[in-house]
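For the numbers below, each heavy atom of this structure counts, side chains included, while hydrogens, waters and symmetry mates do not.
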Amino acid sequence: MSEFDEAITTTGPGDDGAYVSALTDEWGIGEAVNGGLLMALAARATGDASQRAGGHTDTLSFSGIFLSPSSPGQIHARPTVLRTGRSMSSAQVVVTQPVDGVDVERFRALLTLGDLDRYTDTPRKTVVPSPTAPLSECMSAGDAPPSLSQSGLLKRLDLRLDPATVGWAVGAPSGHGELRGWLRLQDDREPDALSLLLALDAFPPVVFDLGSQGWAPTIEFTGYVRARPAPGWLQVRTHTDHVAGGLFNEDCTVWDSTGALVAQSRQLGAARFPAT
(Lines give C-alpha, C1' and ligand atoms only; values in the text may rest on other atoms or scores of the structure.)
Protein backbone atom coordinates (compact mmCIF):
# COMPACT_ATOMS: atom_id res chain seq x y z
CA MET A 1 0.00 0.00 0.00
CA SER A 2 1.34 3.44 -0.91
CA GLU A 3 1.83 6.15 1.70
CA PHE A 4 -1.08 8.10 0.24
CA ASP A 5 -3.47 5.13 0.25
CA GLU A 6 -2.50 4.33 3.83
CA ALA A 7 -3.06 7.93 4.89
CA ILE A 8 -6.63 8.07 3.49
CA THR A 9 -7.67 4.61 4.73
CA THR A 10 -10.68 4.66 7.05
CA THR A 11 -12.61 2.16 9.13
CA GLY A 12 -16.37 2.23 9.21
CA PRO A 13 -18.98 3.32 8.90
CA GLY A 14 -19.80 3.03 12.57
CA ASP A 15 -23.26 3.05 14.09
CA ASP A 16 -23.23 6.86 13.90
CA GLY A 17 -22.25 6.80 10.22
CA ALA A 18 -18.71 7.95 10.94
CA TYR A 19 -15.62 6.80 9.08
CA VAL A 20 -12.55 6.92 11.32
CA SER A 21 -8.94 7.51 10.37
CA ALA A 22 -5.73 8.72 11.98
CA LEU A 23 -3.77 11.74 10.77
CA THR A 24 0.00 12.02 11.21
CA ASP A 25 2.51 14.83 10.82
CA GLU A 26 3.91 12.91 7.84
CA TRP A 27 1.39 14.93 5.80
CA GLY A 28 1.80 18.13 7.77
CA ILE A 29 2.65 21.59 6.53
CA GLY A 30 3.45 24.05 9.28
CA GLU A 31 1.21 23.34 12.26
CA ALA A 32 -1.57 21.66 10.26
CA VAL A 33 -2.21 18.56 8.16
CA ASN A 34 -2.46 19.31 4.44
CA GLY A 35 -5.99 20.15 3.32
CA GLY A 36 -5.68 18.20 0.07
CA LEU A 37 -5.06 14.99 1.97
CA LEU A 38 -8.12 15.67 4.13
CA MET A 39 -10.26 16.29 1.06
CA ALA A 40 -9.12 13.00 -0.49
CA LEU A 41 -9.87 11.14 2.75
CA ALA A 42 -13.32 12.73 3.00
CA ALA A 43 -14.05 12.05 -0.68
CA ARG A 44 -13.10 8.39 -0.30
CA ALA A 45 -15.39 7.97 2.72
CA THR A 46 -18.21 9.81 0.92
CA GLY A 47 -17.82 7.66 -2.18
CA ASP A 48 -18.12 4.53 -0.05
CA ALA A 49 -21.24 5.86 1.70
CA SER A 50 -22.77 6.77 -1.66
CA GLN A 51 -22.06 3.32 -3.08
CA ARG A 52 -23.71 1.71 -0.05
CA ALA A 53 -26.78 3.88 -0.75
CA GLY A 54 -26.89 2.82 -4.40
CA GLY A 55 -25.17 5.97 -5.65
CA HIS A 56 -21.94 6.91 -7.40
CA THR A 57 -18.34 6.86 -6.15
CA ASP A 58 -16.21 9.27 -8.22
CA THR A 59 -15.92 12.84 -6.97
CA LEU A 60 -16.82 15.27 -9.76
CA SER A 61 -16.97 18.42 -7.63
CA PHE A 62 -15.91 19.21 -4.07
CA SER A 63 -16.90 22.48 -2.38
CA GLY A 64 -15.76 22.90 1.20
CA ILE A 65 -15.51 25.44 4.01
CA PHE A 66 -12.46 25.02 6.26
CA LEU A 67 -13.34 25.94 9.83
CA SER A 68 -10.20 25.05 11.78
CA PRO A 69 -6.80 23.47 11.07
CA SER A 70 -6.54 19.70 11.44
CA SER A 71 -3.78 18.18 13.53
CA PRO A 72 -2.26 14.71 13.96
CA GLY A 73 -4.63 12.32 15.70
CA GLN A 74 -7.94 10.59 15.19
CA ILE A 75 -10.34 12.14 12.71
CA HIS A 76 -13.98 11.38 11.80
CA ALA A 77 -15.69 11.85 8.44
CA ARG A 78 -19.51 11.68 8.49
CA PRO A 79 -21.01 11.62 5.01
CA THR A 80 -24.71 12.13 4.33
CA VAL A 81 -26.05 11.07 0.94
CA LEU A 82 -28.55 13.73 -0.13
CA ARG A 83 -29.67 12.34 -3.48
CA THR A 84 -28.92 9.48 -5.85
CA GLY A 85 -29.80 9.78 -9.53
CA ARG A 86 -29.08 7.88 -12.70
CA SER A 87 -25.94 9.84 -13.62
CA MET A 88 -25.00 11.71 -10.45
CA SER A 89 -25.33 11.64 -6.69
CA SER A 90 -25.09 14.47 -4.15
CA ALA A 91 -23.69 14.27 -0.64
CA GLN A 92 -22.45 16.28 2.31
CA VAL A 93 -19.53 15.34 4.54
CA VAL A 94 -18.62 16.79 7.93
CA VAL A 95 -15.09 16.19 9.23
CA THR A 96 -14.35 16.50 12.94
CA GLN A 97 -11.60 15.76 15.44
CA PRO A 98 -12.00 14.93 19.14
CA VAL A 99 -10.14 17.54 21.21
CA ASP A 100 -10.27 17.25 25.02
CA GLY A 101 -13.49 15.27 24.79
CA VAL A 102 -15.17 17.72 22.41
CA ASP A 103 -15.80 17.04 18.71
CA VAL A 104 -14.27 20.02 16.87
CA GLU A 105 -15.43 20.54 13.30
CA ARG A 106 -12.55 20.92 10.84
CA PHE A 107 -14.47 21.33 7.61
CA ARG A 108 -17.66 20.43 5.81
CA ALA A 109 -18.20 20.00 2.10
CA LEU A 110 -20.79 19.32 -0.56
CA LEU A 111 -19.85 16.77 -3.21
CA THR A 112 -21.24 15.84 -6.58
CA LEU A 113 -20.39 12.22 -7.40
CA GLY A 114 -20.65 10.33 -10.67
CA ASP A 115 -18.79 7.96 -12.95
CA LEU A 116 -15.74 9.57 -14.59
CA ASP A 117 -15.81 6.94 -17.33
CA ARG A 118 -18.94 8.66 -18.70
CA TYR A 119 -16.90 11.75 -19.57
CA THR A 120 -14.19 10.41 -21.85
CA ASP A 121 -15.24 12.06 -25.12
CA THR A 122 -13.00 14.66 -26.78
CA PRO A 123 -13.47 18.08 -25.12
CA ARG A 124 -15.24 20.73 -27.21
CA LYS A 125 -13.15 23.36 -25.41
CA THR A 126 -10.33 22.96 -22.92
CA VAL A 127 -7.28 24.60 -21.32
CA VAL A 128 -3.93 23.64 -22.81
CA PRO A 129 -0.87 23.16 -20.56
CA SER A 130 1.03 26.32 -19.66
CA PRO A 131 4.62 26.65 -20.94
CA THR A 132 6.71 25.09 -18.17
CA ALA A 133 10.41 24.35 -17.93
CA PRO A 134 11.28 20.68 -18.47
CA LEU A 135 11.75 18.47 -15.43
CA SER A 136 15.51 18.45 -15.80
CA GLU A 137 15.62 22.22 -15.36
CA CYS A 138 13.15 22.51 -12.47
CA MET A 139 13.99 22.90 -8.79
CA SER A 140 12.92 20.13 -6.44
CA ALA A 141 11.20 20.57 -3.10
CA GLY A 142 14.45 19.44 -1.47
CA ASP A 143 15.99 22.73 -2.61
CA ALA A 144 13.35 24.73 -0.73
CA PRO A 145 14.15 26.72 2.44
CA PRO A 146 14.35 24.47 5.53
CA SER A 147 11.09 25.93 6.87
CA LEU A 148 9.34 24.30 3.89
CA SER A 149 11.52 21.35 2.83
CA GLN A 150 11.39 19.80 6.31
CA SER A 151 7.60 19.60 6.29
CA GLY A 152 6.12 16.13 6.25
CA LEU A 153 4.06 16.92 3.16
CA LEU A 154 7.02 17.82 0.95
CA LYS A 155 8.81 14.63 1.96
CA ARG A 156 5.85 12.66 0.58
CA LEU A 157 5.82 14.56 -2.72
CA ASP A 158 8.22 14.83 -5.63
CA LEU A 159 7.52 18.45 -6.48
CA ARG A 160 9.53 20.33 -9.13
CA LEU A 161 9.03 24.07 -9.69
CA ASP A 162 9.85 26.06 -12.81
CA PRO A 163 12.89 28.24 -11.95
CA ALA A 164 11.08 31.27 -13.35
CA THR A 165 8.55 31.02 -10.53
CA VAL A 166 10.74 30.32 -7.46
CA GLY A 167 12.44 33.65 -6.86
CA TRP A 168 10.39 33.98 -3.67
CA ALA A 169 12.42 31.12 -2.15
CA VAL A 170 15.55 33.32 -2.17
CA GLY A 171 13.80 36.55 -1.22
CA ALA A 172 13.12 37.76 -4.76
CA PRO A 173 9.44 37.12 -5.61
CA SER A 174 8.58 37.93 -9.22
CA GLY A 175 5.36 39.74 -8.37
CA HIS A 176 3.46 37.87 -11.10
CA GLY A 177 1.49 35.69 -8.67
CA GLU A 178 2.10 32.43 -10.51
CA LEU A 179 3.71 29.05 -9.83
CA ARG A 180 4.32 26.32 -12.43
CA GLY A 181 5.81 22.88 -12.15
CA TRP A 182 5.49 19.12 -11.99
CA LEU A 183 4.20 16.77 -9.32
CA ARG A 184 4.07 13.11 -8.43
CA LEU A 185 4.05 11.10 -5.21
CA GLN A 186 7.49 10.35 -3.84
CA ASP A 187 6.89 6.58 -3.73
CA ASP A 188 5.99 6.59 -7.45
CA ARG A 189 2.32 5.76 -6.87
CA GLU A 190 0.53 6.65 -10.08
CA PRO A 191 -2.06 9.44 -9.93
CA ASP A 192 -5.78 8.69 -9.81
CA ALA A 193 -8.99 10.63 -9.28
CA LEU A 194 -8.59 10.80 -5.48
CA SER A 195 -4.96 11.92 -5.57
CA LEU A 196 -5.98 14.82 -7.84
CA LEU A 197 -7.63 16.41 -4.78
CA LEU A 198 -4.23 16.29 -3.10
CA ALA A 199 -2.55 17.72 -6.20
CA LEU A 200 -4.92 20.70 -6.22
CA ASP A 201 -3.62 21.77 -2.80
CA ALA A 202 -0.02 20.54 -2.94
CA PHE A 203 1.91 23.57 -4.22
CA PRO A 204 3.21 26.33 -1.93
CA PRO A 205 0.76 29.24 -1.57
CA VAL A 206 0.82 31.28 -4.76
CA VAL A 207 1.02 34.52 -2.74
CA PHE A 208 4.62 33.63 -1.85
CA ASP A 209 5.36 34.92 -5.37
CA LEU A 210 3.96 38.29 -4.24
CA GLY A 211 6.05 38.51 -1.07
CA SER A 212 3.65 36.93 1.41
CA GLN A 213 5.20 35.30 4.44
CA GLY A 214 4.03 32.57 6.78
CA TRP A 215 0.99 30.38 6.75
CA ALA A 216 -1.72 31.02 4.13
CA PRO A 217 -4.75 29.04 5.35
CA THR A 218 -7.54 27.97 3.02
CA ILE A 219 -10.93 29.40 3.92
CA GLU A 220 -13.05 28.01 1.07
CA PHE A 221 -12.18 25.54 -1.68
CA THR A 222 -14.04 24.44 -4.80
CA GLY A 223 -12.47 21.77 -6.99
CA TYR A 224 -13.45 19.78 -10.07
CA VAL A 225 -12.13 16.40 -11.16
CA ARG A 226 -12.42 16.31 -14.95
CA ALA A 227 -10.96 12.92 -15.85
CA ARG A 228 -8.92 9.98 -14.61
CA PRO A 229 -5.27 10.93 -15.10
CA ALA A 230 -2.87 8.91 -17.23
CA PRO A 231 0.18 7.44 -15.46
CA GLY A 232 3.17 9.72 -15.05
CA TRP A 233 3.91 13.24 -13.89
CA LEU A 234 1.19 15.81 -13.32
CA GLN A 235 1.76 19.32 -14.64
CA VAL A 236 0.43 22.04 -12.33
CA ARG A 237 -0.10 25.79 -12.61
CA THR A 238 -1.40 28.03 -9.83
CA HIS A 239 -2.05 31.74 -10.11
CA THR A 240 -3.89 34.59 -8.44
CA ASP A 241 -5.55 37.60 -10.00
CA HIS A 242 -6.74 39.44 -6.89
CA VAL A 243 -5.11 40.00 -3.49
CA ALA A 244 -6.55 42.59 -1.09
CA GLY A 245 -7.34 43.04 2.57
CA GLY A 246 -5.39 39.94 3.55
CA LEU A 247 -7.47 37.69 1.28
CA PHE A 248 -6.58 36.15 -2.07
CA ASN A 249 -7.99 33.74 -4.61
CA GLU A 250 -5.79 30.91 -5.90
CA ASP A 251 -6.67 29.11 -9.13
CA CYS A 252 -5.08 25.74 -9.84
CA THR A 253 -5.05 23.73 -13.06
CA VAL A 254 -3.71 20.18 -13.38
CA TRP A 255 -2.85 18.30 -16.58
CA ASP A 256 -1.76 14.67 -16.85
CA SER A 257 1.25 13.27 -18.72
CA THR A 258 -0.68 13.32 -22.01
CA GLY A 259 -1.49 17.02 -21.67
CA ALA A 260 -5.15 16.37 -20.84
CA LEU A 261 -6.86 18.67 -18.33
CA VAL A 262 -7.76 16.49 -15.33
CA ALA A 263 -8.53 18.86 -12.43
CA GLN A 264 -9.21 22.51 -11.61
CA SER A 265 -9.88 24.48 -8.44
CA ARG A 266 -10.32 27.91 -6.95
CA GLN A 267 -9.82 28.64 -3.30
CA LEU A 268 -10.11 31.65 -1.05
CA GLY A 269 -7.20 31.99 1.33
CA ALA A 270 -5.78 34.39 3.90
CA ALA A 271 -2.30 35.86 3.51
CA ARG A 272 0.14 37.93 5.52
CA PHE A 273 2.53 40.45 4.02
CA PRO A 274 5.44 42.35 5.60
CA ALA A 275 4.53 45.77 6.90
CA THR A 276 5.43 48.53 4.46
Residue pair R83, S89: steps toward the side chain to side chain donor-acceptor pair (under 3.5 Å) verdict: CA-CA 5 Å; R83 175 185 177 274; S89 302; over 6 Å; no
**Q.** Verdict with reasoning, T222 to E220, per side chain to side chain donor-acceptor pair (under 3.5 Å)
**A.** CA-CA 7 Å; T222 297; E220 187 275 341; 2.6 Å; yes
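Inter-residue side-chain proximity for D241 and D251 is flagged as met; some heavy-atom pair is nearer than 4.5 Å. Between F248 and L268, the closest side-chain pair of non-hydrogen atoms is not below 4.5 Å.
Between the side chain of Q97 and the backbone N or O of S71, at least one donor-acceptor pair lies under 3.5 Å. When atom types are taken as modelled, the side chain of T59 and the backbone of S61 share no donor-acceptor pair closer than 3.5 angstrom. A donor-acceptor pair under 3.5 Å is absent between the side-chain atoms of T10 and the main chain of A45, judged by distance alone. Proximity of a side-chain donor or acceptor of T9 to a complementary backbone N or O of D5 within less than 3.5 Å is detected.
Ring geometry, W168 versus F208: the interplanar angle falls from 30° to 60°, so the pair is classed tilted. In this pair, F62 and F107 present their aromatic rings tilted. The plane angle is within the 30 to 60° band.
Note on D48 versus R52: salt bridge recorded, some NZ/NE/NH1/NH2 to OD/OE distance being below 4.0 Å. Using a cut-off of 4.0 Å between Lys/Arg side-chain N and Asp/Glu carboxylate O, E26 and K155 are scored as not salt-bridged. Here D162 does not pair with R237 in a salt bridge; the nearest charged N to carboxylate O distance is not below 4.0 Å.
Partner R228 forms a salt bridge (charged side-chain N to carboxylate O under 4.0 Å, His left out) with one of D115, D192, D256 and no other, that one being D115.
F203 and L135 end up in different hydrophobic clusters when Ile, Leu, Val, Met, Phe, Trp and Tyr side chains are linked at under 4.5 Å. Criterion: ILVMFWY side-chain heavy atoms under 4.5 Å apart, direct or through other members. Under it, L179 and M139 are part of a common hydrophobic cluster. Both V206 and V243 are members of a single hydrophobic cluster when ILVMFWY side chains are connected at heavy-atom separations under 4.5 Å.
By the 6.0 Å contact criterion, CZ on R272 is open, its count of non-hydrogen atoms from other residues, nucleotides or ligands being 12 or less. Heavy atoms from other residues, nucleotides or ligands lying under 6.0 Å from CD of E3 number more than 12.
Q92 and T80 are not linked by any side-chain donor-acceptor pair at a separation below 3.5 angstrom, with hydrogens and angles left out of the test. Residues R106 and S68 have side chains that bring a donor and an acceptor to within less than 3.5 angstrom of each other.
Cluster partners of Y19 are absent, since no Ile, Leu, Val, Met, Phe, Trp or Tyr has side-chain heavy atoms less than 4.5 Å from it.
Residues P191 and P231 come closest through the heavy atom pair CD-CA, 4.4 Å.
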